[in-house]
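Data first, discussion second: the structure below is written as C-alpha coordinates.
Both counts, for ligands and for their atoms, begin at 1 and track the order of listing. Numbering of residues begins at 1 and proceeds along the displayed sequence. Computation of the quantities below employed the complete heavy-atom set of this structure, encompassing side-chain atoms and omitting hydrogens, waters and symmetry-equivalent molecules.
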Amino acid sequence: MNPEDLELGDRTLAVDLKRRRLLTNATTVVGAVGVAVLTVPFIGSLKPSQRALVAGAPVVVDFGKLEPGQQITVVWRGKPVWVLRRTQQMLADMESARHLERLRDPASDEQSQQPEYARNPARAINPDYLVTIAICTHLGCVPSFRPELAPADLGSDWIGGYFCPCHGSRYDLAGRVFKSMPAPLNLEIPPYRYLEDSRIEIGSDNA
Ligand code: FES
(Lines give C-alpha, C1' and ligand atoms only; values in the text may rest on other atoms or scores of the structure.)
Protein backbone atom coordinates (compact mmCIF):
# COMPACT_ATOMS: atom_id res chain seq x y z
CA MET A 1 0.00 0.00 0.00
CA ASN A 2 1.27 3.40 -0.81
CA PRO A 3 0.39 5.92 1.84
CA GLU A 4 -0.17 9.42 0.62
CA ASP A 5 1.25 12.47 2.27
CA LEU A 6 -0.85 14.98 4.15
CA GLU A 7 0.09 18.21 5.82
CA LEU A 8 -0.83 17.93 9.49
CA GLY A 9 0.11 21.05 11.38
CA ASP A 10 3.54 22.12 10.26
CA ARG A 11 4.74 18.61 9.52
CA THR A 12 4.23 16.31 6.61
CA LEU A 13 2.68 13.10 7.75
CA ALA A 14 2.24 9.97 5.79
CA VAL A 15 -1.30 8.89 6.36
CA ASP A 16 -3.18 5.87 5.24
CA LEU A 17 -5.92 7.36 3.09
CA LYS A 18 -7.74 4.24 2.09
CA ARG A 19 -11.24 3.72 3.37
CA ARG A 20 -12.12 1.14 5.93
CA ARG A 21 -13.31 -1.54 3.56
CA LEU A 22 -10.30 -1.10 1.32
CA LEU A 23 -7.65 -1.14 3.96
CA THR A 24 -5.45 -4.18 4.23
CA ASN A 25 -2.63 -4.43 6.69
CA ALA A 26 -2.44 -0.70 6.90
CA THR A 27 1.04 0.42 7.73
CA THR A 28 0.96 3.93 8.90
CA VAL A 29 3.78 6.29 9.23
CA VAL A 30 5.16 8.55 11.86
CA GLY A 31 3.78 11.97 12.34
CA ALA A 32 3.90 14.19 15.34
CA VAL A 33 4.82 17.71 16.12
CA GLY A 34 8.26 17.43 17.56
CA VAL A 35 8.91 13.90 16.35
CA ALA A 36 10.27 13.36 12.88
CA VAL A 37 11.83 9.95 12.66
CA LEU A 38 11.16 6.34 13.53
CA THR A 39 14.80 5.40 13.63
CA VAL A 40 16.36 6.92 16.68
CA PRO A 41 20.09 7.59 16.48
CA PHE A 42 22.37 6.89 19.39
CA ILE A 43 21.22 9.00 22.26
CA GLY A 44 24.66 10.51 22.75
CA SER A 45 24.45 12.17 19.35
CA LEU A 46 21.10 13.80 20.02
CA LYS A 47 20.55 17.44 20.81
CA PRO A 48 19.10 18.16 24.25
CA SER A 49 15.53 18.52 22.98
CA GLN A 50 15.82 15.24 21.08
CA ARG A 51 17.20 13.50 24.14
CA ALA A 52 14.22 14.78 26.11
CA LEU A 53 11.82 13.29 23.57
CA VAL A 54 13.48 9.89 23.69
CA ALA A 55 13.57 10.01 27.48
CA GLY A 56 9.86 10.61 27.67
CA ALA A 57 8.95 14.22 27.03
CA PRO A 58 5.33 14.72 25.97
CA VAL A 59 4.60 14.67 22.25
CA VAL A 60 2.07 16.98 20.62
CA VAL A 61 0.05 15.47 17.78
CA ASP A 62 -2.06 17.51 15.38
CA PHE A 63 -4.57 15.25 13.63
CA GLY A 64 -6.86 17.89 12.17
CA LYS A 65 -6.72 16.40 8.68
CA LEU A 66 -7.30 12.82 9.71
CA GLU A 67 -10.48 11.52 8.10
CA PRO A 68 -12.82 8.87 9.54
CA GLY A 69 -11.22 5.46 9.25
CA GLN A 70 -7.67 6.79 8.98
CA GLN A 71 -4.87 6.14 11.40
CA ILE A 72 -1.44 7.65 12.00
CA THR A 73 1.46 6.40 14.05
CA VAL A 74 3.57 8.67 16.23
CA VAL A 75 6.46 7.92 18.56
CA TRP A 76 6.42 8.57 22.29
CA ARG A 77 9.13 7.33 24.63
CA GLY A 78 10.50 5.31 21.74
CA LYS A 79 7.21 3.44 21.37
CA PRO A 80 4.78 3.58 18.45
CA VAL A 81 1.44 5.12 19.37
CA TRP A 82 -1.59 4.96 17.11
CA VAL A 83 -4.13 7.72 16.71
CA LEU A 84 -7.18 6.28 14.95
CA ARG A 85 -10.17 8.32 13.90
CA ARG A 86 -13.02 5.85 14.21
CA THR A 87 -16.12 5.99 12.08
CA GLN A 88 -19.57 5.96 13.64
CA GLN A 89 -20.06 2.49 12.16
CA MET A 90 -16.88 1.24 13.85
CA LEU A 91 -18.13 2.53 17.19
CA ALA A 92 -21.58 1.04 16.69
CA ASP A 93 -20.18 -2.36 15.70
CA MET A 94 -18.13 -2.51 18.89
CA GLU A 95 -21.22 -2.00 21.07
CA SER A 96 -23.02 -5.18 20.06
CA ALA A 97 -23.53 -7.74 22.82
CA ARG A 98 -22.22 -10.45 20.51
CA HIS A 99 -18.95 -8.58 20.10
CA LEU A 100 -18.56 -7.73 23.76
CA GLU A 101 -18.95 -11.32 24.87
CA ARG A 102 -15.97 -12.27 22.72
CA LEU A 103 -13.63 -9.91 24.59
CA ARG A 104 -11.51 -10.79 27.58
CA ASP A 105 -11.86 -7.44 29.37
CA PRO A 106 -14.60 -5.45 27.60
CA ALA A 107 -15.11 -2.98 30.45
CA SER A 108 -11.39 -2.27 30.88
CA ASP A 109 -11.39 -3.53 34.44
CA GLU A 110 -7.63 -4.07 34.27
CA GLN A 111 -6.66 -0.71 35.66
CA SER A 112 -3.03 -0.82 34.60
CA GLN A 113 -3.90 -0.64 30.93
CA GLN A 114 -5.44 2.83 30.73
CA PRO A 115 -5.81 6.06 32.67
CA GLU A 116 -9.10 6.38 34.54
CA TYR A 117 -10.47 8.85 31.98
CA ALA A 118 -10.06 6.19 29.26
CA ARG A 119 -11.79 3.49 31.25
CA ASN A 120 -14.98 3.51 29.22
CA PRO A 121 -16.31 1.45 26.28
CA ALA A 122 -14.38 3.46 23.69
CA ARG A 123 -11.28 3.61 25.90
CA ALA A 124 -10.83 7.24 24.96
CA ILE A 125 -11.48 10.81 26.04
CA ASN A 126 -13.27 11.51 22.76
CA PRO A 127 -14.83 8.27 21.43
CA ASP A 128 -14.06 9.30 17.87
CA TYR A 129 -10.30 9.05 18.46
CA LEU A 130 -8.48 6.04 19.82
CA VAL A 131 -5.00 6.75 21.19
CA THR A 132 -3.16 3.55 22.08
CA ILE A 133 0.34 2.15 22.35
CA ALA A 134 0.92 -0.10 19.35
CA ILE A 135 2.67 -2.90 21.22
CA CYS A 136 1.10 -6.32 21.67
CA THR A 137 0.70 -7.22 25.34
CA HIS A 138 1.94 -10.76 24.70
CA LEU A 139 5.59 -10.42 23.71
CA GLY A 140 5.80 -6.95 22.30
CA CYS A 141 5.26 -7.22 18.54
CA VAL A 142 3.53 -4.42 16.66
CA PRO A 143 0.07 -5.58 15.54
CA SER A 144 -1.31 -4.82 12.09
CA PHE A 145 -4.19 -2.40 11.56
CA ARG A 146 -6.97 -4.45 9.99
CA PRO A 147 -10.07 -2.25 9.78
CA GLU A 148 -11.76 -4.09 6.92
CA LEU A 149 -14.87 -6.20 7.45
CA ALA A 150 -14.75 -10.01 7.23
CA PRO A 151 -11.45 -10.47 5.37
CA ALA A 152 -10.80 -14.03 4.26
CA ASP A 153 -7.89 -14.55 6.65
CA LEU A 154 -9.67 -13.25 9.76
CA GLY A 155 -13.13 -14.67 9.31
CA SER A 156 -16.68 -13.61 8.61
CA ASP A 157 -17.26 -12.16 12.08
CA TRP A 158 -14.27 -9.79 11.95
CA ILE A 159 -15.57 -6.22 12.37
CA GLY A 160 -12.21 -4.50 12.15
CA GLY A 161 -9.40 -4.40 14.65
CA TYR A 162 -5.74 -5.18 15.14
CA PHE A 163 -4.04 -8.47 14.43
CA CYS A 164 -0.67 -9.43 15.86
CA PRO A 165 1.30 -11.40 13.24
CA CYS A 166 3.69 -12.94 15.77
CA HIS A 167 1.33 -15.33 17.58
CA GLY A 168 -2.11 -14.36 16.34
CA SER A 169 -3.55 -12.18 19.10
CA ARG A 170 -6.57 -10.14 18.06
CA TYR A 171 -7.77 -6.80 19.39
CA ASP A 172 -10.80 -4.71 18.48
CA LEU A 173 -10.71 -1.06 17.42
CA ALA A 174 -10.65 -0.01 21.07
CA GLY A 175 -7.54 -2.12 21.64
CA ARG A 176 -9.48 -4.75 23.64
CA VAL A 177 -8.09 -8.24 23.36
CA PHE A 178 -10.30 -11.15 22.41
CA LYS A 179 -10.69 -14.18 24.67
CA SER A 180 -8.35 -17.17 24.31
CA MET A 181 -5.53 -15.16 22.76
CA PRO A 182 -1.85 -15.33 23.71
CA ALA A 183 -2.00 -11.66 24.73
CA PRO A 184 -3.23 -11.37 28.34
CA LEU A 185 -4.28 -7.72 28.37
CA ASN A 186 -5.86 -4.97 26.34
CA LEU A 187 -3.50 -2.63 24.53
CA GLU A 188 -2.19 0.11 26.77
CA ILE A 189 -3.64 3.61 26.56
CA PRO A 190 -0.98 6.25 27.29
CA PRO A 191 -1.70 9.35 29.35
CA TYR A 192 -2.82 12.17 27.09
CA ARG A 193 -4.86 15.35 27.07
CA TYR A 194 -6.54 17.56 24.54
CA LEU A 195 -4.98 20.93 23.81
CA GLU A 196 -7.58 21.70 21.12
CA ASP A 197 -10.25 19.69 19.33
CA SER A 198 -7.69 18.17 16.97
CA ARG A 199 -4.49 18.45 19.01
CA ILE A 200 -3.46 16.21 21.84
CA GLU A 201 -0.40 15.94 24.00
CA ILE A 202 0.71 12.38 24.69
CA GLY A 203 2.64 11.86 27.88
CA SER A 204 0.84 14.30 30.11
CA ASP A 205 -2.73 14.68 31.29
CA ASN A 206 -4.96 16.66 33.58
CA ALA A 207 -5.57 13.83 36.01
S1 FES B 1 3.60 -10.84 20.48
FE2 FES B 1 1.57 -10.52 19.79
S3 FES B 1 0.68 -12.44 19.93
FE4 FES B 1 2.68 -12.78 20.66
_For a quick check under 3.5 Å, do Gln113 and Asp105 share a side-chain donor-acceptor pair by atom type?_
no
_Results of ring pair (Phe, Tyr, Trp, His ring centres under 6.0 Å) for Tyr192 - residues two or more places apart only_ = none
*What are the protein N, O or S atoms, given as residue plus atom name, that sit under 2.8 Å from atom 4 (Fe) of ligand 1?*
His138 ND1, His167 ND1
*Arg193: what forms a salt bridge (Lys or Arg N to Asp or Glu O under 4.0 Å) with it, not counting sequence neighbours?*
Glu201
*Can you name the residues that form a salt bridge (Lys or Arg N to Asp or Glu O under 4.0 Å) with Glu116, not counting sequence neighbours?*
Arg119
*Taking the six-membered ring where the residue is Trp, are the ring centres of Phe178 and Tyr171 under 6.0 Å apart?*
no
*Are the side chain of Arg176 and the backbone N or O of Leu103 linked by a donor-acceptor pair below 3.5 Å?*
no
